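Presented below is the structure to which this report refers.
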2 protein chains.
Amino acid sequence: MTTIDDVARRAGVARSTVSHALSGKRHVASSTRDRIIAVVNELGYQPNAAARSLVSRRTMTVGLIVPLDLNILAENRYTDFIVGVGDHLNEHGYRLMCLIDRNPEPLDVQRLLRSDQVDGTLLLQVRTDDARVSTLVAEGRPFVTIGRPRNARGIVRADGDFVNASVVAVDYLARLGHTQIAYVTTGQGGCPVFGFQWYSLKGFRQAHRIFGLSLRRDQVLYHEQETYESIEDALAPMLHGTLAVTALVTPTFVAAALAMRVLAEHGLRVPCDISVIALGDPRLTALSVPSITVVRFSVTDLANIAVELLLGMLEGRAPAHLEHLVPVELVIRGSTGPVASTAHCAGGMNRDYLQPLESGGCQKSTAPAS
Amino acid sequence: MTTIDDVARRAGVARSTVSHALSGKRHVASSTRDRIIAVVNELGYQPNAAARSLVSRRTMTVGLIVPLDLNILAENRYTDFIVGVGDHLNEHGYRLMCLIDRNPEPLDVQRLLRSDQVDGTLLLQVRTDDARVSTLVAEGRPFVTIGRPRNARGIVRADGDFVNASVVAVDYLARLGHTQIAYVTTGQGGCPVFGFQWYSLKGFRQAHRIFGLSLRRDQVLYHEQETYESIEDALAPMLHGTLAVTALVTPTFVAAALAMRVLAEHGLRVPCDISVIALGDPRLTALSVPSITVVRFSVTDLANIAVELLLGMLEGRAPAHLEHLVPVELVIRGSTGPVASTAHCAGGMNRDYLQPLESGGCQKSTAPAS
DNA sequence: TTGAAAGCGCTAACAG
DNA sequence: CTGTTAGCGCTTTCAA
């Protein structure tokens, strides 16, 4: 292991000169500096991070707190965030420390912060009511949430504009003639689990007011997990005719894909009988058939914004706004269509629910282009 | 910030007594220890990680090197690894530092190691020929690869048993009567890009020898990226009848899903005209229609094994074997069927390629159970 | 323009 | 059983 003293000795200078030559914090004669640089390269010297952060009181490391939930991570929702954050941090000379925990005890977070392993923290997968947020506030260290809890007062946060996403979704459906729309989300005790689901629901309600649509309680369907069975249970009122809706909005791609399978298995055709819209940035939507209409936003933008906010705070700059929302856009694909256009629906029940890609309507499949 | 001296003063003992009371490395009178613990809890003391690792020469941190490739991470292939590794490390009191880099320069890896930020390293997304491996070998620090380069001599590695996965896949297809099978992979210069693709291909060839099947060069199809267009190009010989195969093996789920779309668009029915098998652990296979037959292995097991290997090395235990392979199992779903059973295929071209889930054959869809 | 020296918070060897 | 003390490798003040 090469230390700064090795370099100093070999270059025939004092330890402090090496330090300054490398940090540039005070002027060093260019001849001396060149000699030092040469020795550094020769020995492959790299300052010891622990020693450095012990004295400088900075670790140049950011913590990313990801509550482990295989059911959720398996869905690919958070990979892009982790990658986006990690890459952006590297570009700024910061390291990324991931705290991935099966059960994210406040204690784990405390340990991470109090042992001074990170200069700041990013929170992923924020719940409607998230204990980690209060913990972080109590610790009094800089942090930024990616996503928002219901009560976001005073915290610095970046998120997709999920409220607006719902409005855009409902608007589009309304234009297609839909007036009876269901909202499907994971929920516990009559409340969406994650922040983005809560804000989406808020937007869903808002949209109904804006567009003068009535909204009954039973149009909001909660499922416990993102599994086929759980979603089948949640959709039961639709499947048994108790709830008459012609469209369905859900804040996650997997729920949308599973819902479409449930509908299909029960003889309901997408988009003939039911239109489906997902929210978020599910790149995999392109894989499903029919591909799913989505109100999306750039996850990379969101990750970058969160990182910029945090690094700014670490360098003493207060953020311009507490809340930064990434704008959304509607991407029309094959899972949405005009309401109740039964005349266009050819074929028997449970036959044509699967349309060729990018085909929005319900007409019979035509011969391939080739 | 609370230091060990704060605790010592408040508990009326020496600094070293606090240290030992917490580490248990020498006996401390239980009365003294209780007093110290009480103060620790009262002040919320947590040892400073930098100071600790400066003197102990251990960071209790493991580095995970993930070359950023959005096209790949978007596919959800590596999320489960990151989560699996992170969670397992936490359980063992280690931290996870992620080096996620758009272009993983050997220099970045060197910096990480030489600045002593990690005790050991895990390599993800290993290429057939991977520069990072030589870098790590040259640095002489403990590391374990998750996945293997073509030349794995001397390195400690954990991987899915991809060679055997291919054998199982070809065996199954052969039992269904397939003799002409194509292998589809991302490749550059006539060689698969990633290690798992290389070993899969090796197994694919091996299987042909074992089962007495002939294998021509043109049965191995390379695509540049995992996009619809790129795969469409690669499959061109099949689509234009130049290459007569009845089945297709591909080491990734996304490639399989995209290939199925390509086939469908060109009027080929899965599994009627072409059977498709994917390798790996693509949980999302369940989402596609028809769901994809797969030879899978446990990603969590793989992650755990890699972590155990590395932590063992960090504690001075030499691994029992250099190579640890996670066994594979065949999961039969809807994308495979007997060869050329045209008689069973009802409906017109490009109509029935999308079968209800879990339906392996090509019979007409029946009415829903409900 | 450079060097000497103090000290960051901790562990562990040495003394008692 | 406990206290004293010497560093770990580095940055940074203070002197020259």
Side-chain angles (χ1 to χ4, degrees), chain A residues 1-40 43-61 93 95 111-119, chain B residues 1-40 43-61 93 95 111-119:
Chain A
M1 166 184 207
T2 313
T3 74
I4 197 171
D5 283 326
D6 297 332
V7 176
R9 209 171 306 125
R10 181 125 183 162
V13 295
R15 189 199 301 176
S16 60
T17 305
V18 175
S19 176
H20 286 121
L22 291 177
S23 71
K25 290 198 181 171
R26 93 179 175 191
H27 195 73
V28 173
S30 59
S31 62
T32 323
R33 198 183 51 237
D34 291 348
R35 192 150 33 96
I36 291 172
I37 300 289
V39 173
V40 163
L43 301 182
Y45 169 71
Q46 197 64 232
N48 177 290
R52 189 193 274 241
S53 74
L54 183 57
V55 59
S56 70
R57 330 238 35 137
R58 307 201 68 197
T59 60
M60 297 303 281
T61 299
R95 299 257 178 239
R111 250 199 290 275
L112 182 72
L113 297 182
R114 295 192 181 166
S115 61
D116 291 310
Q117 287 182 95
V118 296
D119 296 335
Chain B
M1 167 184 207
T2 313
T3 74
I4 197 170
D5 284 326
D6 296 333
V7 176
R9 209 171 308 125
R10 181 124 184 164
V13 295
R15 192 199 301 181
S16 60
T17 306
V18 176
S19 176
H20 287 120
L22 292 177
S23 71
K25 288 196 182 172
R26 89 177 179 193
H27 194 75
V28 173
S30 60
S31 62
T32 321
R33 197 182 51 237
D34 291 348
R35 193 151 29 97
I36 290 172
I37 300 289
V39 174
V40 163
L43 301 183
Y45 168 71
Q46 196 65 233
N48 177 290
R52 190 194 274 241
S53 73
L54 182 58
V55 57
S56 70
R57 333 245 23 147
R58 307 201 68 199
T59 60
M60 297 303 281
T61 299
R95 299 259 178 235
R111 249 199 291 275
L112 182 72
L113 298 182
R114 295 192 181 165
S115 61
D116 291 311
Q117 288 183 95
V118 297
D119 296 336

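This structure is a prediction, so every number in the text was calculated from the model and none was measured. By convention in this document, chain letters (A, B, ...) are assigned in the order of the sequence lines, proteins followed by strands, and residues within each chain are numbered from 1.
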Side chain to side chain donor-acceptor pair (under 3.5 Å) against B:Thr2, all qualifying residues, sequence neighbours excluded: none
With sequence neighbours excluded, residues passing side chain to side chain donor-acceptor pair (under 3.5 Å) with A:Thr59: A:Asp119
Tell me: [atom1] of [X] to [atom2] of [N], nearest whole Å?
{"X": "B:Leu43", "N": "C:dG9", "atom1": "CG", "atom2": "C1'", "answer": "15 Å"}
{"X": "A:Arg52", "N": "D:dC8", "atom1": "CZ", "atom2": "P", "answer": "19 Å"}
{"X": "B:Arg33", "N": "D:dT2", "atom1": "CZ", "atom2": "C1'", "answer": "14 Å"}
{"X": "A:Asn48", "N": "C:dG9", "atom1": "CG", "atom2": "C1'", "answer": "14 Å"}
{"X": "B:Met1", "N": "C:dG9", "atom1": "CE", "atom2": "P", "answer": "5 Å"}
{"X": "B:Gln117", "N": "D:dC10", "atom1": "CD", "atom2": "P", "answer": "13 Å"}
{"X": "B:Asp116", "N": "D:dG9", "atom1": "CG", "atom2": "C1'", "answer": "10 Å"}
{"X": "B:Arg114", "N": "D:dC10", "atom1": "CZ", "atom2": "P", "answer": "14 Å"}

Sugar-phosphate, base or nothing in reach of A:Thr32, heavy atoms under 4.0 Å: sugar-phosphate
Residue-level proximity of residues 15-26 of chain A to DNA chain D when a heavy atom falls under 4.0 Å: A:Arg15, A:Ser16, A:Ser19, A:His20, A:Lys25, A:Arg26
Strand contacts (DNA chain D) in residues 2-12 of chain A, 4.0 angstrom heavy-atom criterion: A:Thr3, A:Ile4
Nearest non-hydrogen partners of A:Asn48 and A:Ala51, listed with the distance: OD1-N, 2.8 Å
Side chain B:Ser56, main chain B:Arg52, donor-acceptor under 3.5 Å: yes
Nearest-nucleotide 5' precedence on DNA chain D, B:Leu54 against B:Ser30: B:Ser30
pair A:Thr61-A:Gln117: side-chain heavy atoms closer than 4.5 Å: no
Beyond-backbone contact of B:Val39 with B:Tyr45, side-chain heavy atoms, under 4.5 angstrom: no
Inter- and intrachain pairs under salt bridge (Lys or Arg N to Asp or Glu O under 4.0 Å), touching residues 6-19 of chain A, at least two apart: A:Asp5-A:Arg15, A:Asp6-A:Arg9, A:Arg10-A:Glu42
Phosphate-side-chain proximity, A:Arg57 and C:dG9, N/O vs OP1/OP2 below 4.0 Å: yes
Residue pair B:Gln46, A:Ser115: steps toward the side-chain contact (heavy atoms from CB on, under 4.5 Å) verdict: CA-CA 5 Å; B:Gln46 196 65 233; A:Ser115 61; 3.8 Å; yes
Options C:dT1, D:dC8, D:dT4, nucleotide nearest the side-chain atoms of B:Ala14: D:dT4
Position toward the 5' end of DNA chain C (nearest nucleotide), A:Ser56 or A:His27: A:His27
Side chains of residues 22-37 of chain A: which donor-acceptor pairs under 3.5 Å do they make with residues two or more places apart or in other chains?
from    : atom 1 : to      : atom 2 : distance (Å)
A:Ser23 : OG     : A:Ser19 : O      : 3.2
A:Ser23 : OG     : A:Lys25 : N      : 3.2
A:Arg26 : NE     : A:His20 : ND1    : 3.1
A:Arg35 : NH1    : A:Ala11 : O      : 2.3

